[in-house]
Amino acid sequence: MEHGEPRGEPSGAPPRKVLVLMRKAPYGSLYNWEGLQVLLIMGAYKMQGLVDIAVAFVEDGVFAITQGQDPSSLGMKAIAKTYPALPDFEVDRFYVDGQSLADRNLTLDDLVIKPEILDAAGMARLLAEQDAILPF
Amino acid sequence: MLFTVNKSPYLRGNLEGCLRLAPAGTPLLLYEDGVYAAAAGTRVEGLLRQALASHPVYAVEADLKARGIARLIEGVRVIDYAGFVELVEQHPVVPWL
């Protein structure tokens with residue numbers, strides 16, 4: 001089963017590697033929120049052994065996981081609060097682009113989760129090893 | 001004239017383009033993702049300092065709060081929605097979308 005539909009039971013084939021790539025800031029558009037919904041759904045596929053899920057934050061995507069967000073006056077929910085709960089949905093591999101953090105004067109201490117920091121070469125290797133990349 | 005910027009300063013030279021064309025002295029209002037430009041110590045701080053040298057610069061409080069931006073570049077004036085409305089009443093608006 002190389003390109004078949006996902007099935008309800010493990011096929012014996014190695015899980016397909018999927019990377020959700022967060023590129024957009026959290027409140028100015030719905031991209032990040034939609035990426036989160038996809039992660040929650042993909043968690044169900046991971047539980048069936050069909051996929052391996054990783055999440056990488058690059059460019060303005062790093063703003064999704066900063067501490068101190070309070071969008072109550074915008075009538076929205078705090079995006080950052082969902083990320084620490086993702087391991088409960090079997091999504092627990094997080095990466096962040098070091099340059100994107102540095103450009104925005106952010107460090108790991110400013111974030112709600114502790115992703116592995118990658119340089120550009122490391123990020124390129126991560127992208128290269130995926131079967132599918134879903135950018136948001 | 002009031003120039004309003006609601007896109008991230010890291011995207012497509014949006015803020016840069018606005019600053020190149022906004023006449024000196026006209027106020028600049030940052031809202032939505034535009035407020036990321038007001039954060040201190042970033043790669044784009046120089047851009048905003050350049051703006052502050054020739055424009056009054058405002059940032060909407062609710063958008064700063066939503067994004068957890070606490071450390072602002074000195075000189076940026078934080079306003080609430082009432083202040084936003086007041087500026088819009090006082091100036092013809094140029095939305096730099």
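Every chain is numbered from 1, with letters handed out A, B, ... down the list of sequences. Only heavy atoms go into these numbers, but all of them, side chains included; no hydrogens, no water, no symmetry mates.
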- [ ] Specify whether A:Phe57 and A:Tyr83 have parallel, tilted or perpendicular ring planes, treating 30° as the upper limit for parallel and 60° as the lower limit for perpendicular.
- [x] perpendicular

Open item on the list: Counting only non-hydrogen atoms closer than 4.5 Å, does B:Ala70 touch chain A with its backbone (N, CA, C, O), its side chain (CB onward), both, or neither?
Closed with: neither

Task: Residue B:Tyr81 versus chain A: region with a heavy atom under 4.5 Å - done: side chain

TODO: Could you list the residues that satisfy salt bridge (charged side-chain N to carboxylate O under 4.0 Å, His left out) with B:Arg77, not counting sequence neighbours?
DONE: none

- [ ] Select one option (side chain, backbone, both, neither) describing which atoms of B:Ala62 are under 4.5 Å from chain A's heavy atoms.
- [x] both

TODO: Could I get the full list of salt bridge (charged side-chain N to carboxylate O under 4.0 Å, His left out) partners for B:Glu86, not counting sequence neighbours?
DONE: none

TODO: Give, as side chain, backbone, both or neither, the part of A:Asp70 having an atom under 4.5 angstrom from any heavy atom of chain B.
DONE: both

Open item on the list: Classify the ring geometry of B:Tyr10 against A:Phe63: parallel below 30°, tilted from 30° to 60°, perpendicular beyond 60°.
Closed with: tilted

